[in-house]
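The structure under discussion appears below in the form of structure tokens.
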Amino acid sequence: MIAEKMKNMVANSSAIRAMFEEGNRLAKIYGAENVFDFSLGNPNVPAPEAVKKAIFELLEEEDPVALHGYTNSNCGYGDVREAVAVSLNERFGTHFEGKNIVMTVGAAGGLNVILKSLINPGDEVIAFAPYFGEYRSYTNNYDGVLVEISPNTEDFQPKLDEFEQKITPKTKVVIVNTPNNPTGVVYSEETIKKLAAVMEGKQKEFGTDIFLISDEPYRELVYDGVQVPYLTKYYANTIVGYSYSKSLSLPGERIGYLVIPDEVTDSEEVLAAANVATRILGFVNAPTLQQKIVAKCMNEKTDISYYDRNREALYQGLRDCGFSCIKPQGAFYLFVKSPVADEKEFCAAAKKYNLLIVPGSSFACPGYVRLAYCVSYETIINSLPKFRELAKEYF
Ligand SMILES: Cc1ncc(COP(=O)(O)O)c(C=O)c1O
């Protein structure tokens, strides 16, 4: 009875979510402290105190009718959009105005708004494996075709030769995600410059516009002083999708934004389309209280030292067991090479020790597994003896 398109979606419904349910089931049997659930990217660092303060202040000070009402523009409150633009300009030396910002229902909402705005049926959207699996669903929502670039398992920087070959006159969008889910890799400035040059060349060759979407919910989650290039500076047709889900630990509040710079081809038209897409996708506008909260917390950050301690402990602990993985530079994921070719088999073996990890095939990169280390430090430390037992099955 349900739509044909949804049948596939339901059948392939997220393996990560299924793992999360499994975690709850195991916790009931063995006790939560004996289940080591590395499956979900749900931050476990609380939102900064400033968020709570902002909520109380807003509820006390603002006119409740305006605060909880629809926004005049579907793109969000004017003052909030202005505050986002000012903050970006201060931090990255850009020249955005409030009009370039569209407040969104998280990064997921933003990606859907921009893909709805840009994609005609049959248009191609390129993503570099390993990538956030939802890109496939979002592209499919608008009858686009996802074109995959195979993973470079040396250092997980994108394979630019293959990229160049796979761009066609139908390529409309290229999505990059750095810091990356699931690898934690940050694309270097050199990579970005080369990627931009390839795209410039192909736009000229085909006489088309190819939009670069920078999906960056993990921008602030970086370690060891690593710099994350701001992509609008390297390629004119760049649109940025941001989210406060991870940077302020507000994933359930569904708040983020898109940046559509003036340099983007037909930017006014794209902005108008994003405005309408926000409305007709049923979002109407990003949550109004959350817009006001993030405007007050523009310079707040999550406690990155918490994730850093987990990163060091898990990375070192797994390597000591004999597993191999590259050290993440950002986000809160570790991408570990499966000791057997079929990583789903490895995930099943891990489950025997109550270790819940996600197969790399969910990110178009079989042979690897993802561990989300946005868990308590105790979970990491207590899981290591289990990983040691698991390792003995292989090494
Ligand atoms: C790469 C990537 N993009 C987008 C999202 C969606 O995030 P949001 O909660 O902002 O919708 C996630 C969530 O984990 C993600 O990892």
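All values derive from a computational prediction rather than experimental measurement. Both counts, for ligands and for their atoms, begin at 1 and track the order of listing. We use all heavy atoms of the structure for the numbers below, so side chains are in, but hydrogens, waters and symmetry mates are not. Quick note: residue numbers are just sequence positions, from 1.
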> salt bridge (charged side-chain N to carboxylate O under 4.0 Å, His left out) with Asp161: which residues, sequence neighbours excluded?
Replying inline: none
> Between Glu22 and Arg25, is the closest basic N to carboxylate O distance under 4.0 Å?
Replying inline: yes
> Can you list the residues that meet the salt bridge (charged side-chain N to carboxylate O under 4.0 Å, His left out) rule with Asp224, with sequence neighbours excluded?
Replying inline: Arg311
> How would you list, by chain and number, every residue that makes a side chain to side chain contact (heavy atoms under 4.5 Å, CB included) with Ala391, sequence neighbours excluded?
Replying inline: Cys321, Phe323, Phe395
>> Measuring only between side-chain heavy atoms, which start at C-beta, is Thr153 closer than 4.5 Å to Tyr368?
In response: yes
>> Tell me whether the rings of Phe332 and Tyr373 are parallel (<30°), tilted (30 to 60°) or perpendicular (>60°).
In response: perpendicular
>> List the protein residues in contact with ligand 1, where contact means a heavy-atom separation under 4.0 angstrom.
In response: Gly106, Ala107, Ala108, Phe132, Tyr135, Asn177, Asn181, Asp215, Pro217, Tyr218, Ser243, Ser245, Lys246, Arg254
